[in-house]
Amino acid sequence: MRKRQVVLRREEPSRNSTASSVTVRSVRYAECQKNHAAGVGGYAVDGCREFMASGEEGTAAALTCAACGCHRSFHRREVDTEVVCECSSPSSTAT
């Protein structure tokens, strides 16, 4: 079974705004980009395709990949941003 860590963050609209909108960002960590041959002047990656947390969220193990053992920061970060807007259209007046 594959584990996937998704972090959601909501941003509330500013108080000056009349429209009600919420920004939802989901973060996914993709392939590992750690260069394992940097010490000898080469370039070699381990082939890990996706970050899978080693432990439960909130623990130190949650930042270590179960597949390759690298820290989460070595994995490419993908951010999907979605803006949900609850806008009301101005009412039209009949003449």
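Side chains included, hydrogens not; waters and symmetry mates left out as well; all remaining heavy atoms used. Bear in mind that the values here come from a model prediction, so they are computed numbers and not experimental data.
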Indicate yes or no for a side-chain donor-acceptor contact from Thr64 to the backbone of Ser54 under 3.5 Å, with no hydrogens or angles considered.
-> no

Donor-acceptor contact present, side-chain Asn35 to main-chain Gly42, <3.5 Å = yes

Once you round to the nearest 0.5 Å, how far does [atom1] of [X] lie from [atom2] of [Y]?
X: Ser73; Y: Leu63; atom1: OG; atom2: CG; result: 8.5 Å
X: Lys34; Y: Cys48; atom1: NZ; atom2: SG; result: 12.0 Å
X: Glu31; Y: Phe74; atom1: CD; atom2: CZ; result: 14.5 Å
X: Cys68; Y: Glu50; atom1: SG; atom2: CD; result: 11.5 Å

Which heavy atom of [X] sits nearest a heavy atom of [Y], and at what distance?
X: Ala66; Y: Ala53; value: CB-O, 4.1 Å
X: Ala67; Y: Met52; value: CB-CE, 3.5 Å
X: Arg77; Y: Val27; value: NE-CG1, 3.3 Å

Decide yes or no for Arg72 and Tyr29: does some side-chain heavy atom of the first lie under 4.5 Å from some side-chain heavy atom of the second?
-> yes

Going hydrophobic residue to hydrophobic residue with side-chain gaps under 4.5 angstrom, can you get from Tyr43 over to Val40?
-> no

Would His75 and Phe51 count as a close aromatic pair, with their ring centres under 6.0 Å?
-> yes

side-chain hydrogen bond (donor to acceptor under 3.5 Å, both in side chains) involving Glu78 - partner list, sequence neighbours excluded | Arg28, Arg76

